[in-house]
**Q** 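I am attaching a structure below and will ask some questions about it afterwards.
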Amino acid sequence: MIKVECNGGVHEFPSEISVGKAIKEAYGKKSGAVAALVNDEEKDLSYLLSQNCKIDIIKDNSDRGLYIMRHSCAHLLAQAVTELFPNAKPTIGPPIDEGFYYDFFMDPINDDDLRKIEKLMRKIVKQNIPIKREEHDNETLRGIFSNNSFKMEIMDDKIGQEVGSSTYKQGNFVDLCRGPHVESTAKLRWFKLTSTSQAFWRADSSRETLVRIYGMCYSSKEDLQKRETLLREAAKRDHRKLGKDLQLFHIDEMVGQGLILWTPRGTVVRNELQQFISDHLTRQGYKQIYTPHIGKLDLYRTSGHFPYYQDSQYPPIVKRDTLSRLSDEGCSCSDLSNLMSEGEIDGYMLKPMNCPHHIRVYASQPRSYRDLPLRLAEFGTVYRWEQSGEISGMTRVRGFTQDDAHLFVTEDQIEQELLGCIELVKVIFGTLGMKDYRVRIGLRDSNSEKYVGSPEKWDKAEDACRNATASLGVEFSEEPGEAAFYGPKIDFVVKDVLGREWQLGTVQVDYNLPERFDLTYTGSDGEKHRPVMIHRAPFGSMERFCGVLIEHFNGMFPTWLSPTQVHILTISEKHKDYANKIAESLRDTSIRVEMDTGDDTIGKKLRTHRSMRPAYLMILGDEEQQNGTVSFLNPEREQKNGIPLKDFISKITSEINSKI
RNA sequence: GCCACCGUGGCUUAGCUCGGUAUAGCGACUGAUUCGUAAUCAGUAGGUCGGGGGUUCAAAUCCCCCCGGUGGCUCCA
């Protein structure tokens, strides 16, 4: 007799019974179970119960259940691929958020192949092929996968641990896998292959090139369709599309990849944001500075950026006469490169970071402890050579402006100053209604040698990060190994509608650069001391932040950020003068106005101007003119008629001032 | 940088498989209309098909190289 605790009751069975049957007993036929927890361990429905236990159902629409289905779907994919391409060698195929992928060692495939694979997958689903778990000893296991070096490598590394010693078999396809899986291919109906890409074995670019196939998988048609709808909606609010439609920015082939041209409308948004930050900087006692876009190579040798980060920098600018002298001497490109690396030739570099310049501002005067904390801020534009395949819209670019600042502080001031930095990020995110973000504290990896500074200082800095974050009541995760080599950091990661995460704000503690530049201040004891630096950028970069903001607001900016706050549309030509008068009054109060006094119908004008998503659409005709009032559609696109102009002005002004 | 896919007037787009110098809408411009809430009517201009090379009597259509974009991979001080 086996007693099975399940669904709040105890069920008794005379002999061995499968989990699936036990669940059917306890929950009925339509339990939606894809697997189960047997004494808190994930098991297949076919798993045989031979002694008393506790079972929890894993439903197909639960996170765990979806994970299992997606994993099974990856196997289904592999079955189809190996059937169509007998030479393809499956490597790994895990479930991921919303779907799954599988990496194959095979020749590249195209979209046609992808469709063929998907078609075969559907056929296999219809065939209702059972998925069977089998346990093997080591030797048998190696025998099964002897012609697949990738699986062999996995076994060499992991056998008996995570991978277990089981295989899952469906039809002729066998995969090394610990499971669990759904019972049969028929359970996998709501999937779709989405894309292919190249991937590297073990994410190592020096290893084999693999073909990765992505798919999504859900437990119901509705969920699959919901996801597809979401993707379509997200495509509509993509900042690259909206940026073009709303004329916010332009990227020009002739100017270069990853270089943003801020058009007039986008510049308004950026300026408003910069002004917003500037106001807070003043309040928090920052000093704003300007520094140039280039600096001598030697500056970056001292900072360590050159040649350490050479691969991601624009190549140095060398003086013309130096170049012609070297060329007369028959110097080759590699000679030149060596001479620069060795410091025998100087040149200029487009700045990849603002800190070296800011450090030299600090060093321009003798500093005492009374000067600290010294907070230097700049909207500083930096240039980095991102790989061409990485560049995308405004979010990954080669030139961008950081809302940067460097705080030079004593060790005792670190925590207090971190607090101020985090506070600022919180205010910004709060004002813009960006609620879905998380905070990540990057700590050092105790096994790594790459970090500079003593362990004691690191401990202190890491504690300061924790304390500052915690004392502001922000949830955070600690991630060892994610620190910069010079110090721990606090990153603010914002989630967008698709669940993609964007690292925006960042706060970093730095012991390294003050050391490298031999920065000092005179303490109250009359001795020289070393300051600590805090790098911080609440937006991260104006480009990325605006890109994320465009999507966040779906192009419909709050009034204070709206590139054009009021669009005035006239009913007919005879209202032109009145419209001009209104426009003038609004402009006098610094409200951004656009006029349309053309000869289109009001319906046409509304249609045209709505698409630019201004905060207000004002309509002026006989009625307004006679009564000296205005009528408008507000940001919620509700109609308000016959409002006295001064009421409108005070309403919109207060809206702008309170940034709602 | 790597893999796959894509690139036609300002925008969206037909044609490309089966080679014979390009289709439409929006927008722009001109004229008429002055009309109260998501496209008033008529007309005109505008592209040599991302760039270069090749195959061919002939290429937007086939081939090669380059540039740019998209989805991923790798990277992100």
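Any value given below was found using the heavy atoms of this structure, including those in side chains, with hydrogens, waters and symmetry copies removed. All chains are named by letter (A, B, ...) in the order of the sequence lines, taking the proteins before the strands, and each is independently numbered beginning at 1.
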**Q** Taking only the side-chain nitrogens and oxygens of A/Ser197, find out if one of them lies under 4.0 Å from OP1 or OP2 of B/G71.
**A**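 Result: no.
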**Q** Please report the distance separating the P of B/G27 from the corresponding atom of B/A42, rounded so that it comes out in whole Å.
**A**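 These two P atoms come out 13 Å apart once rounded.
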**Q** Would A/Arg637 pass as a cation-pi partner of A/Tyr616, given that its NZ or CZ must be under 6.0 Å from the six-membered ring centre and within 45 degrees of the axis?
**A**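 No, cation not above the ring by the 6.0 Å, 45° rule.
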**Q** Counting only side-chain N and O atoms of A/Arg516, is one of them less than 4.0 Å from OP1 or OP2 of B/A77?
**A**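 Answer is no, no contact under 4.0 Å.
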**Q** Name all stems that contain residues of RNA chain B, defined as runs of 3 or more consecutive Watson-Crick or G-U wobble pairs, both distances under 3.5 Å.
**A**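 As far as RNA chain B goes, consecutive pairing (with distances under 3.5 Å) yields the stems B:1-7 with B:67-73, B:10-12 with B:24-26, B:28-32 with B:40-44, B:50-54 with B:62-66.
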**Q** Return the value, rounded to whole Å, for the distance between atom NZ of A/Lys605 and atom P of B/U40.
**A**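 Rounded to whole Å, this separation is 11 Å.
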**Q** Please measure how far the C1' atom in B/G9 lies from the corresponding atom in B/A24, and state the result in whole Å.
**A**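 Comparing C1' positions in B/G9 and B/A24 gives a spacing of 12 Å.
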**Q** Here's a test of your reading of the structure: between A/Gln508 and A/Ser572, which maps to the more 5' nucleotide of RNA chain B?
**A**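 Nearest nucleotide further toward 5': that of A/Ser572.
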**Q** Where the side chain of A/Ala484 is defined as all heavy atoms beyond and including C-beta, which of B/G36, B/U37, B/A77 is the nearest nucleotide?
**A**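 Per side-chain heavy atoms of A/Ala484, the pick is B/A77.
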**Q** Can you measure from CD (A/Glu83) to CE (A/Met121) and round to the nearest 0.5 angstrom?
**A**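 Separation between the atoms: 12.0 Å.
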**Q** Looking at A/Gln198 and B/G1, is any side-chain donor or acceptor paired with a base atom of the opposite kind under 3.5 Å?
**A**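 Checked by distance alone, the answer is no.
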**Q** Any chance you could measure A/Met106, atom CE, to A/Leu84, atom CG, to the nearest 0.5 Å?
**A**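 If we round to the nearest 0.5 Å, A/Met106:CE and A/Leu84:CG are 8.5 Å apart.
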**Q** Can you tell me if A/Lys576 touches the phosphate of B/U34, counting only side-chain N or O atoms and a distance under 4.0 Å to OP1 or OP2?
**A**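 For B/U34, neither OP1 nor OP2 has a side-chain N or O of A/Lys576 closer than 4.0 Å.
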**Q** Look at A/Lys604 and B/G27 and indicate whether a side-chain polar atom (N or O) is within less than 4.0 Å of OP1 or OP2.
**A**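 Looking at the OP1 and OP2 atoms of B/G27, one of them is under 4.0 Å from a side-chain N or O of A/Lys604.
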**Q** Is a side-chain donor-acceptor pair under 3.5 Å present for A/Thr263 with A/Gln247?
**A**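 On atom types as modelled, these side chains do not qualify, holding no pair under 3.5 Å.
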**Q** What nucleic acid atoms does A/Tyr486 come within less than 4.0 Å of, heavy atoms only: base, sugar-phosphate, or nothing?
**A**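 Sugar-phosphate, backbone atoms only, no base.
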**Q** In whole angstrom, give the distance that lies between atom CZ of A/Phe105 and atom P of B/C73.
**A**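 Atom-to-atom, A/Phe105 to B/C73, this comes out as 20 Å.
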**Q** Could you please name the option among B/C35, B/G36, B/A77 that lies closest to any side-chain atom of A/Ile619?
**A**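 Side chain of A/Ile619 sits closest to B/G36.
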**Q** Does A/Gln387 place a side-chain N or O at less than 4.0 Å from the phosphate oxygens OP1/OP2 of B/C75?
**A**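 No, no such contact exists.
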**Q** Is there a donor-acceptor contact under 3.5 Å from the side chain of A/Arg70 to the main chain of A/Cys217?
**A**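 Looks like yes, one N/O pair under 3.5 Å.
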**Q** Between B/C35, B/G36, B/G68, which one does the side chain of A/Lys574 approach most closely?
**A**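 Shortest atom-to-atom distance from the side chain points to B/C35.
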**Q** So, is A/Ser312 close to the B/C76 phosphate, meaning a side-chain N or O under 4.0 Å from OP1 or OP2?
**A**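 No, A/Ser312 has no side-chain N/O under 4.0 Å of OP1/OP2 on B/C76.
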**Q** Check whether any side-chain nitrogen or oxygen of A/Arg240 sits under 4.0 Å from OP1 or OP2 of B/U70, and answer yes or no.
**A**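 Yes.
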**Q** Atom CG of A/Asp491 to atom C1' of B/C76: distance rounded to whole Å?
**A**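 Taking atom C1' of B/C76 as the reference, CG of A/Asp491 is at 12 Å.
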**Q** Toward the 5' end of RNA chain B, which comes first, A/Val211 or A/Arg384, by nearest nucleotide?
**A**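 Whichever sits nearer the 5' end wins; that is A/Val211.
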**Q** Send over the distance from A/Glu386 CD to B/C76 P, rounded to a whole Å.
**A**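 A/Glu386 atom CD is separated from B/C76 atom P by 10 Å.
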**Q** C1' atom, B/U8 versus B/G25: distance in rounded Å?
**A**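 It comes out at 15 Å once rounded to the nearest Å.
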**Q** When you get a sec, tell me which of B/C35, B/U37, B/C73 is the closest nucleotide to the side chain of A/Asn641?
**A**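 Within the option list, the nearest is B/U37.
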**Q** Expressed as a whole number of angstroms, how long is the span from A/Asp113:CG to B/C3:P?
**A**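 Value for this atom pair: 17 Å.
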**Q** Can you check the distance between B/U13 and B/G47, where both ends of the measurement are the C1' atom (answer in whole Å)?
**A**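 About 13 Å, rounded to a whole number of Å.
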**Q** Regarding A/Gln313, tell me which of base, sugar-phosphate or nothing describes its non-hydrogen contacts under 4.0 Å with the strands shown.
**A**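 Result for A/Gln313 = base.
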**Q** Go through it in stages, so that I can follow the logic: the residues are A/Tyr102 and A/Phe104, the test is ring pair (Phe, Tyr, Trp, His ring centres under 6.0 Å), and I'd like the CA-CA distance, side-chain angles, deciding distance and then a yes or no.
**A** CA-CA 7 Å; A/Tyr102 210 117; A/Phe104 302 91; 4.9 Å; yes
**Q** Between A/Glu551 and A/Arg500 (salt bridge meaning N to carboxylate O under 4.0 Å), is one present in this structure?
**A**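 The answer is yes: the pair qualifies as a salt bridge.
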**Q** When the P atoms of B/C16 and B/G52 are considered, how many whole Å apart are they?
**A**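 So the two P atoms sit 24 Å from each other.
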**Q** Looking for any heavy atom pair under 4.0 Å, which part of the strands does A/Glu623 touch: base, sugar-phosphate only, or nothing?
**A**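 Base, at least one base atom sits under 4.0 Å.
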**Q** Nearest whole Å is fine: how far is B/C76 P from A/His305 NE2?
**A**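 Distance check: A/His305 NE2 to B/C76 P gives 14 Å.
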**Q** Should A/Glu515 and A/Arg530 count as an ion pair when the cut-off is N to O under 4.0 Å?
**A**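 Between A/Arg530 and A/Glu515 there is a salt bridge, with a charged N closer than 4.0 Å to a carboxylate O.
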**Q** Using a strict cut-off of less than 4.0 Å between a Lys/Arg side-chain nitrogen and an Asp/Glu carboxylate oxygen, indicate whether A/Glu417 and A/Arg536 qualify as a salt bridge.
**A**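 Looking at A/Arg536 together with A/Glu417, the answer is no, because their closest N to O distance does not fall below 4.0 Å.
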**Q** Got a donor-acceptor contact below 3.5 angstrom from the A/Ser337 side chain to the A/Cys333 backbone?
**A**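 Answer holds: no.
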**Q** Using the P atoms only, state how far B/A60 lies from B/A77, rounded to an integer number of Å.
**A**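 That atom pair is separated by 47 Å.
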**Q** Can you tell which of B/G36, B/G1, B/G71 lies closest to the side chain of A/Ser392?
**A**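 Of the candidates, B/G71 comes closest.
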**Q** Is A/Arg610 touching bases, backbone alone, or none of the nucleic acid, heavy atoms closer than 4.0 Å?
**A**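 Base: the residue A/Arg610, judged by heavy atoms under 4.0 Å, touches a nucleobase.
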**Q** Can you check whether any acceptor in the base of B/C75 is under 3.5 Å from a donor in the side chain of A/Arg396, or vice versa?
**A**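 Indeed there is one.
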**Q** A/Ile251 CD1 to B/G50 C1': how many Å, rounded?
**A**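 One finds 17 Å between C1' of B/G50 and CD1 of A/Ile251, rounded.
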**Q** Rounding to the closest angstrom, what is the interatomic distance between B/U61 and B/G54 at atom C1'?
**A**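 Comparing C1' positions in B/U61 and B/G54 gives a spacing of 15 Å.
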**Q** Are any side-chain N or O atoms of A/Arg375 and backbone N or O atoms of A/Ala405, one a donor and one an acceptor, separated by less than 3.5 Å?
**A**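 Such a contact is absent between A/Arg375 side chain and A/Ala405 backbone.
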**Q** Provide, to the nearest angstrom, the distance between the CE atom belonging to A/Met618 and the P atom belonging to B/U37.
**A**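 Those two atoms, CE and P, are 18 Å apart.
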**Q** Is it true that A/Glu623 and A/Ser631 share a donor-acceptor pair across their side chains at a distance under 3.5 Å?
**A**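 Note: A/Ser631 and A/Glu623 side chains miss the donor-acceptor criterion.
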**Q** What contact category does A/Glu624 fall into here, base, sugar-phosphate, or nothing, at under 4.0 angstrom with non-hydrogen atoms?
**A**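 Base contact.
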**Q** Across the strands shown, which category fits A/Gly621 at heavy-atom distances under 4.0 angstrom: base, sugar-phosphate, nothing?
**A**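 Answer is base: heavy atoms of A/Gly621 come under 4.0 Å of a base.
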**Q** Without swapping roles, check the side chain of A/Arg613 against the backbone of A/Asn554 for a donor-acceptor pair under 3.5 Å.
**A**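 Yes, because the side chain of A/Arg613 sits within donor-acceptor range (under 3.5 Å) of the backbone of A/Asn554.
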**Q** Say we look at B/C6 and B/U12: how far apart would their C1' atoms be, to the nearest angstrom?
**A**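 Nearest-Å result for B/C6 against B/U12 at atom C1': 16 Å.
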**Q** Describe the nucleic acid contact of A/Tyr214 in one word from base, sugar-phosphate, nothing, applying a heavy-atom distance below 4.0 Å.
**A**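 Sugar-phosphate contact only - A/Tyr214 comes under 4.0 Å of backbone atoms but never of a base.
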**Q** Would you indicate what A/Leu617 reaches in the nucleic acid, counting non-hydrogen atoms under 4.0 angstrom: base, sugar-phosphate, or nothing?
**A**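 It contacts nothing in the nucleic acid.
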**Q** Under a 4.0 Å N-O cut-off, is there an ion pair linking A/Arg440 with A/Glu501?
**A**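 No salt bridge links A/Arg440 with A/Glu501.
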**Q** Encode nucleotides 4-11 of chain B as B, S and - characters from 5' to 3', where the letter depends on protein heavy atoms closer than 4.0 Å: B to the base, S only to sugar-phosphate, - to neither.
**A** SS------
**Q** Would you mind classifying the nucleic acid contact of A/Asp311 as base, sugar-phosphate or nothing, using non-hydrogen atoms under 4.0 angstrom?
**A**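 Result for A/Asp311 = nothing.
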